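Proteins get letters first, then strands, A, B, ... in listed order; numbering begins at 1 in each. A quick note: this is a predicted structure, and the numbers were derived from the prediction, not measured.
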Amino acid sequence: MDLSLMNKAQREAITTTEGPVLVMAGAGSGKTRVLTHRIAYLLQEKDVPSYNILAITFTNKAAKEMKERVDKLIEEDTSQMWISTFHAMCVRILRRDIDKLGYDRSFSILDTTDQLNVVKDVLKSMNLDQKQYPPRQFLNAISNFKNALITEKEAKENAYDFREKLNADIYSEYQEVLYRNSALDFDDLIMLTIQLFEKESDILNYYQTKFQYIHVDEYQDTNHAQYKLVYMLSQKYENICVVGDSDQSIYKFRGADIMNILNFEEDYDNVKTILLEENYRSHQRILDAANNVIENNMSRVPKNLVTSRGKGEKIISIVSQNEREEGQRIVKQIQKLKNEGYNFSDMAVLYRANSQSRAIEDALVKSSLPYNMVGGMKFYQRKEIKDLMSYMKVVLNVHDDIAMERIINTPKRGIGPKTIDTLRNHARSLDSSIYDAIKDADFIGLSKKNAENLANLLEVLENLKEKSKFMTITDLVDEILHDTGYVDMLIRENTLESNSRIENLEEFKTVTKEFDETHEIGDELLFDFLSDMALVSDQDNVDDLDAVTLMTIHASKGLEFKVIFIVGLEEGLFPSFRSMDTEEELEEERRLMYVAITRAMERLVISRATTRTIFGKTNSAMESQFWSEIPADLIEGEDLISVYNGATKKRKPRAKSQVFTNNSGVSFNIGDKVTHQTFGDGMITAINGSGDSEELDIVFSKAGPKRLLAKFAPIEKKD
DNA sequence: CGTAGCAGGTTTTTT
DNA sequence: ACCTGCTACG
């Protein structure tokens, strides 16, 4: 294998296959290349069977890519190698043996919405007011318990005040509901795998023996449970290689513990530590910006990335008056860079919060530029998709009451809350599920009509369950939509909304078709499909089309683009006002900024607005401290007027508010060029209000954006 | 049981 | 500004 193109540190990381290895890999230092070559090296040079290799990545997409890249490097068989995310790996392990923990092997996986509904139900059953006790907080507490591997019993024992006791009680109730439903949340996947290993030492031993070489990517973002899992698996051979960058740790809110990577050298014996400090991705100016920003973090191991790539262009800065204008000017800049030869797919717009995407999207749509958005209101969270998947979940696991309650009256079958309550109570008395309770519908005091409807539903579901074993997922989807009357319901509604729902269901079938192409019909099919769906990450949906990518900075982790736009660089938005209380949280925000900057290879654009509307209220916004941490000589401001010339020309005047007549009877329009006594030349970009309080927004080429009282503005029209 | 209309909270990030 | 959940009425 040819390692001559690698630097010394990379080569060392690739060839040190025995014993614990810690690779501290700076942004863009080629860590994915190191990991793929290391795996290829094991297979080819060390003759390690692929069966003995495990590699854990952060997203399914990264896993898929890594496997493809290994396959390209060598001829050896890679089919038995496990490259997957923590969660997908645990699903695979639990699928085999979770019955030993009392769960059904056809367990369901809950998404956040389902989890929230369970907490709400628990609160209801405990007679607690949701307003006084926000369900979200309990969900957080539960997640924290699980990430820290604290059982319900331990939580109760260690609860000292009222709130802790309540958290523990709700945790325990919540867990019982999930157990009854054979349902697992994301955190359970990890925690229960560890519990399984602790309970059944022969199962642990099996995997310890199997996984002789273990790799973990993005190790800085592992939580305690994931840390423990890796630790357990690696105890037999201790051939463990973890890769990460403490400066890119951005998932603390989700339980990630930066100490996992910082303590690695203490946790394992004879650790070989390798530093990758040469950056192959970004031009010098971009790297300088990143280094200058991250240096402001006090609690970090100092390091400085160097690049062998050229100096590059200056960073472009854009200051707009509001988020609408920000969107327009980003679009303008995108078009400019497109003309310079960049593809749309070379460019990504990054923001702190999903809510910021709207203004950017609007601007892109208006200019008919292609874009694809990662995350946000996810496709899989739409009602019709969730309904369909709930049907599939019930077909697979009839005891999944969470899914059952979702579909029992969709389409309407006259089964209301009262009936569901009766069924639920009966299910509890049977110590079973609603599905079983429905079988007794005739004897538990329901109306004849109700019992009949329920019997019909049961028959439909039972038929579907039989059929499901002999058909593709796509066919099963068709059967479900038809047999349950779901499509008929939408067709009958015949509204804009219902039609779009039908389209979405059709769209869903492109996903199922893709799945069907790579999977065999059989008993495992539905389970595999549903767990795949539950574990897709946002990044997995990045298309390959020539389109601008829109996403949160979190979602951009591990990716790179020639051109990066970081928008909304305002105090309170980024850094988020929720993270400004403690130095620790602020430093995590700064790492986020560091991640954002280092995604860029060639061009970086930073953008902010001086006012921003949140909850329908417009507030003025100060420049983000991270912006000022970038040395000014690296930045070049966009000439505002030249940007405006193109941007406003196309805009059609809307209504009378667009026109303003001054005291001397001259009327002004948006887009008019004007001369101001003191500010010089500029252009009117907005006219707000009316009468004496009417204000003009004017962007001046020298003085920048200003808001002036229309009545008194000493301006003249220019042509 | 079902729907329409209103009140209140909500935006930080996600496998 | 938007979404969810509650209430009152048909």
Side-chain angles (χ1 to χ4, degrees), chain A residues 56-63 84-91 109-113 115-117 120 124 129-131 134-136 139-140 143 146-147 184-190 218 221-223 225-226 249-256 323 350-359 374-378 380-381 383 409-421 446-447 449-450 453 493 531-541 551-558 568 572-580 585 588-589 591-593 595-596 612-618:
Chain A
I56 301 170
T57 59
F58 207 68
T59 62
N60 293 302
K61 186 176 181 243
S84 73
T85 63
F86 270 106
H87 298 274
M89 170 179 87
C90 290
V91 168
I109 301 167
L110 301 187
D111 68 16
T112 316
T113 322
Q115 286 179 276
L116 213 54
N117 288 335
K120 284 176 188 168
K124 241 176 255 161
D129 180 22
Q130 288 193 26
K131 280 183 193 123
R136 260 236 151 64
L139 213 51
N140 273 334
S143 182
K146 291 183 178 179
N147 289 334
L184 276 61
D185 63 24
F186 290 122
D187 301 316
D188 278 335
L189 294 173
I190 317 280
E218 308 281 12
D221 280 322
T222 51
N223 60 37
Q226 292 166 331
S249 164
I250 55 172
Y251 280 100
K252 188 163 188 290
F253 69 91
R254 180 171 111 180
E323 64 272 10
L350 309 185
Y351 36 80
R352 175 70 243 263
N354 275 308
S355 56
Q356 290 169 254
S357 69
R358 200 188 193 95
V374 179
M377 172 54 172
K378 278 165 229 138
Y380 300 104
Q381 283 174 358
K383 184 184 184 308
N409 200 31
T410 322
K412 306 260 178 307
R413 299 183 177 91
I415 299 162
K418 204 79 180 265
T419 313
I420 293 174
D421 231 39
L446 295 177
S447 72
K449 190 93 196 115
N450 263 339
N453 286 335
E493 253 180 70
S531 41
D532 265 25
M533 288 298 104
L535 300 177
V536 285
S537 69
D538 281 343
Q539 256 189 38
D540 300 335
N541 296 320
M551 62 185 146
T552 64
I553 300 168
H554 280 91
S556 76
K557 182 164 129 152
L573 182 62
F574 187 24
S576 158
F577 70 94
R578 302 179 115 91
S579 312
M580 290 164 76
E585 285 177 311
E588 173 135 326
E589 293 283 303
R591 287 195 292 272
L592 202 52
M593 180 65 179
V595 168
R612 190 168 290 270
T613 306
I614 299 168
F615 303 148
K617 261 182 76 181
T618 306

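- The side chain of T552(A) places no N or O atom within less than 4.0 Å of a non-bridging phosphate oxygen (OP1 or OP2) of dT12(B).
- Computed from coordinates, the N223(A) CG to dT15(B) P distance equals 14 Å when rounded to whole Å.
- Distances from the side chain of T112(A) to the nucleotides dT15(B), dT12(B), dT14(B) place dT15(B) closest.
- Rounded to an integer number of Å, the gap from CD of Q115(A) to P of dT15(B) is 13 Å.
- Evaluation of Y251(A) against the base of dT14(B) yields no stacking contact (centre distance < 5.5 Å, interplanar angle < 30° required).
- Aromatic ring pairs are classed by plane angle as parallel below 30°, tilted from 30° to 60° and perpendicular above 60°; the pair F186(A) and H87(A) is perpendicular.
- Distance noted for atom C1' between dT4(C) and dT13(B): 22 Å (whole Å).
- Taking only side-chain atoms of T85(A), from C-beta outward, the nucleotide of dT13(B), dT15(B), dT12(B) with the closest atom is dT15(B).
- If you find the closest nucleotide of DNA chain B to F253(A) and to K418(A), the one lying nearer the 5' end belongs to K418(A).
- In this structure, the NZ atom of K383(A) is 11 Å from the P atom of dT4(C), given to the nearest Å.
- Atom CG in N409(A) sits roughly 9 Å away from atom P in dC1(B) (whole-Å rounding).
- Using a 4.0 Å heavy-atom cutoff across all strands shown, K617(A) reaches no nucleic acid atom at all.
- Listed by chain and residue number, Y351(A), E361(A), M373(A) satisfy the side-chain contact (heavy atoms from CB on, under 4.5 Å) test with S357(A) (two or more places apart in sequence, or in another chain).
- One can place CZ of R136(A) at 6 Å from P of dT11(B), the figure rounded to the nearest angstrom.
- Remark: the S355(A) side chain and the dT11(B) base include a donor-acceptor N/O pair separated by less than 3.5 Å.
- Classification of E323(A) and R358(A) as a salt-bridged pair fails, no side-chain N sitting under 4.0 Å from a carboxylate O.
- Of all nucleotides listed (dT13(B), dT3(B), dT10(B)), dT3(B) comes nearest to the side chain of K412(A).
- At a threshold of 4.0 angstrom between heavy atoms, the contacts of P417(A) are confined to the sugar-phosphate backbone, with no base atom among them.
- The 5' end of DNA chain B is approached more closely, in terms of each residue's nearest nucleotide, by G416(A) than by the other of G416(A) and P134(A).
- Separating the CD1 atom of I614(A) from the C1' atom of dT12(B) is a distance of 12 Å, rounded to the nearest angstrom.
- D187(A) comes within 4.0 angstrom of no nucleic acid atom, judged by non-hydrogen atoms across all strands.
- Spacing between atom CD of Q356(A) and atom P of dT11(B) amounts to 15 Å, rounded to whole angstrom units.
- Between L139(A) atom CG and dT14(B) atom P there is a gap of 16 Å when expressed in whole angstrom units.
- Annotation: the span from D111(A) atom CG to T113(A) atom OG1 amounts to 4.0 Å, rounded to 0.5 Å.
- When heavy atoms are screened at a 4.0 angstrom cut-off, T613(A) is found touching no nucleic acid atom at all.
- At least one side-chain heavy atom of L116(A) sits less than 4.5 Å from a side-chain heavy atom of R136(A).
- Nearest nucleotide to the T419(A) side chain, out of dC1(B), dT11(B), dT13(B): dC1(B).
- For R352(A) and dT13(B), a side-chain-to-base donor-acceptor distance below 3.5 Å is present, hydrogens and geometry of angles not being considered.
- Nucleic acid contact class of K449(A) (heavy atoms, under 4.0 Å, all strands): none.
- Regarding contacts with the backbone of dT12(B), every side-chain N or O of N354(A) stays at 4.0 angstrom or more from both OP1 and OP2.
- Listed nucleotides dT10(B), dT3(B), dC2(C) differ in distance to R358(A); the shortest reach to its side chain belongs to dC2(C).
- In terms of the side-chain contact (heavy atoms from CB on, under 4.5 Å) criterion, residue partners of A225(A) (sequence neighbours excluded) are, by chain and number, L149(A), I190(A), I194(A), N223(A).
- For K557(A), no side-chain nitrogen or oxygen approaches OP1 or OP2 of dT14(B) to under 4.0 Å.
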